Peer 1: 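Structure provided below as structure tokens; questions to follow.
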Amino acid sequence: MESCNYTRKFFVNRHDADFMGYLKPGTLLRYAQQVATDQCTALGFTPEFYEANHCAFLLAKQGLVFHRVPRIDETLTVTTMPEKAKRAINRRITFAYDESGALVAEVHSWWVLVDLNTRRIMRHCLPEVDQHWNDTVEATMEYRLPKTTELTDGPIVTANYQNCDLNQHLNNCEYADMACAAVPLEQVRAKPIKKLMVTYHREIPLGGTMQLRNGAVETGWYICGTRLADDLPAFEAYCEV
């Protein structure tokens, strides 16, 4: 059977790392996003393809775990493994390996296919897409997002030129950067962030604004954002060092 996976290499540049020289969680998510996009493009699943089918994949949640946090000047081999839809959910697993072949990180993401005409979740994936994905991927992640109601107001974020993507909304990786920025600097100086979970509720369109809030939980930090336009939740996240 032809492989349903896709691999490419990424060099960890200075701008990919934090102030301690460690690969930022948001950068790893960008690598995962790019290798998935490259695979879809190679198969012909371009924005024009989805527009013609009046549908789009939306990210519901994703989590990452570092087994060892890479540093600047490393070359990573990143492999993405998409899974066939199950109950309207498409799971995609991405693994990152260092130059010795050791697994250093993994990203698990969960996607839903939405009908752009009805704005409803489609119960079945497009057959043209699903036939190329793995029946199943033997990898699991405990997705647990600890919460607290004892929150402190953070900054107000505007979806603007520097953080929006081609869909004209706040890119999913930007939420990771904002979540990590809520972790106290003294903790990040002591050791790098090793785990991040993000649940996406509602988009922040170009020009939209969001109030960030955060609070300590037993093992890390809980971060959330609320849209100022309608006071509805935009996202929730959890960071652990």
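Everything numeric here is computed off the predicted structure, so don't read it as measured data.
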Peer 1: Treating R30 as the side-chain partner and G26 as the backbone partner, does any N or O pair qualify as donor plus acceptor under 3.5 Å?
Peer 2: yes

Peer 1: Under 3.5 Å, side chain of D130 to main-chain N/O of A85, donor-acceptor pair present?
Peer 2: yes

Peer 1: Could you tell me whether the side chain of Y143 and the main chain of V198 form a donor-acceptor pair under 3.5 Å?
Peer 2: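 It does hold such a pair.
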
Peer 1: Nearest 0.5 Å, please: how far is OG1 in T226 from CG in L232?
Peer 2: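 With rounding to 0.5 Å, CG (L232) is 8.5 Å from OG1 (T226).
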
Peer 1: Could you go step by step and tell me if N214 and L151 meet the side chain to side chain contact (heavy atoms under 4.5 Å, CB included) rule?
Peer 2: CA-CA 5 Å; N214 65 81; L151 299 172; 5.6 Å; no

Peer 1: Any salt bridge linking R71 with D98? Criterion: basic side-chain nitrogen under 4.0 Å from a carboxylate oxygen.
Peer 2: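 No salt bridge links R71 with D98.
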
Peer 1: How many angstroms lie between OG in S109 and CD1 in I93, if you round to the nearest 0.5 Å?
Peer 2: 6.5 Å

Peer 1: Would you call K191-E240 a salt bridge at under 4.0 Å N-O?
Peer 2: no

Peer 1: For the residue pair Y31 and F10, categorise the inter-ring angle as parallel (less than 30°), tilted (30 to 60°) or perpendicular (more than 60°).
Peer 2: parallel

Peer 1: Between N171 and N163, does a side chain to side chain contact (heavy atoms under 4.5 Å, CB included) hold up when you go through it step by step?
Peer 2: CA-CA 6 Å; N171 182 265; N163 55 29; over 6 Å; no

Peer 1: Donor-acceptor pair, R8 side chain versus Q34 backbone, under 3.5 Å?
Peer 2: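 It does not hold such a pair.
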
Peer 1: For the side chain of T7 and the backbone of T79, is there at least one donor-acceptor N/O pair under 3.5 Å apart?
Peer 2: no

Peer 1: Does the ring-ring contact (aromatic ring centres under 6.0 Å, His included) test come out yes or no for Y200 and F235, once each step is laid out?
Peer 2: CA-CA 5 Å; Y200 302 90; F235 84 105; 7.5 Å; no

Peer 1: Compute whether any side-chain donor of one residue and acceptor of the other, for Q39 and H132, lie under 3.5 angstrom apart.
Peer 2: no

Peer 1: Indicate whether the side chain of T94 and that of E106 have a donor and an acceptor atom separated by less than 3.5 Å.
Peer 2: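 Looking only at side-chain atoms, E106 and T94 do not form any donor-acceptor pair under 3.5 Å.
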
Peer 1: Taking all heavy atoms of P25 and all of L196, pick out the closest pair and write down the distance.
Peer 2: CB-CD2, 4.0 Å

Peer 1: Give, for atom CG of D230 and atom CZ of R202, the distance between the pair rounded to the nearest 0.5 Å.
Peer 2: 7.0 Å

Peer 1: Taking N13 for the side chain and I72 for the main chain, is one N or O donor matched with an acceptor at less than 3.5 Å?
Peer 2: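 No, because the side chain of N13 does not come within donor-acceptor range (under 3.5 Å) of the backbone of I72.
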
Peer 1: Do N172 and Q33 pair up side chain to side chain, a donor and an acceptor below 3.5 Å, judged on atom types alone?
Peer 2: yes

Peer 1: Is any NZ, NE, NH1 or NH2 atom of the basic residue among D153 and R213 found under 4.0 Å from an Asp or Glu carboxylate oxygen of the other?
Peer 2: yes

Peer 1: Taking the side chain as every heavy atom from C-beta outward, state whether I223 and M178 have any pair of such atoms under 4.5 Å apart.
Peer 2: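 When only atoms from C-beta onward are counted, M178 and I223 do not touch, as no gap falls below 4.5 Å.
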
Peer 1: Let me see the working for N5 and N134 under side chain to side chain donor-acceptor pair (under 3.5 Å), right down to the final yes or no.
Peer 2: CA-CA 8 Å; N5 307 326; N134 298 285; 3.0 Å; yes

Peer 1: Might you point out which heavy atoms bring G154 and Q211 nearest each other, and give the distance in Å?
Peer 2: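 Shortest heavy-atom contact: O-NE2, 2.8 Å.
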
Peer 1: State whether a side-chain donor-acceptor pair under 3.5 Å links T148 with E150.
Peer 2: no

Peer 1: Hydrogens and angles aside, do N160 and T158 bring a side-chain donor and acceptor to less than 3.5 Å of each other?
Peer 2: no

Peer 1: Please determine whether residues V35 and M81 belong to a single hydrophobic cluster, defined as Ile, Leu, Val, Met, Phe, Trp and Tyr linked transitively by side-chain heavy-atom distances below 4.5 Å.
Peer 2: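 In one cluster with V35: M81, no.
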
Peer 1: Is there a path of hydrophobic side-chain contacts, each under 4.5 Å between heavy atoms of I/L/V/M/F/W/Y residues, joining V65 to V78?
Peer 2: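 Cluster IDs for V78 and V65 differ.
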
Peer 1: Kindly say whether T136 contributes a backbone atom to a donor-acceptor pair with the side chain of R91 at under 3.5 angstrom?
Peer 2: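 Pair absent, no side-chain N/O of R91 close to backbone of T136.
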
Peer 1: Both conditions, 6.0 Å and 45 degrees, for the charged tip of R92 above the ring of W110: are they met here?
Peer 2: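 No, R92 does not sit over the ring of W110.
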
Peer 1: Which atoms form the tightest heavy-atom contact between G44 and F49, and what is the distance?
Peer 2: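 That closest heavy-atom pairing would be O-CB, 3.6 Å.
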
Peer 1: Go through V104 and H67 one step at a time and tell me if the side chain to side chain contact (heavy atoms under 4.5 Å, CB included) criterion holds.
Peer 2: CA-CA 5 Å; V104 294; H67 302 288; 5.6 Å; no

Peer 1: In this structure, would V137 and L113 fall into the same cluster of hydrophobic residues linked by side-chain contacts under 4.5 Å?
Peer 2: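 Not linked; separate clusters.
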
Peer 1: Looking only at the side chains, is there a donor atom on one of Q62 and H108 sitting less than 3.5 Å from an acceptor on the other?
Peer 2: no

Peer 1: Using the side chain to side chain contact (heavy atoms under 4.5 Å, CB included) rule, take D115 and T118 through it: C-alpha gap first, then chi angles, then the decisive distance, then the call.
Peer 2: CA-CA 6 Å; D115 185 316; T118 64; 3.3 Å; yes

Peer 1: Among side-chain atoms of K9 and T75, is any donor-acceptor pair under 3.5 angstrom?
Peer 2: no

Peer 1: Is K195 close enough and on-axis enough to Y238, meaning under 6.0 Å and within 45°, for cation-pi?
Peer 2: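 So K195 doesn't make the cation-pi contact.
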
Peer 1: Return the OH to OG1 distance between Y6 and T37, rounded to the nearest 0.5 Å.
Peer 2: 10.5 Å

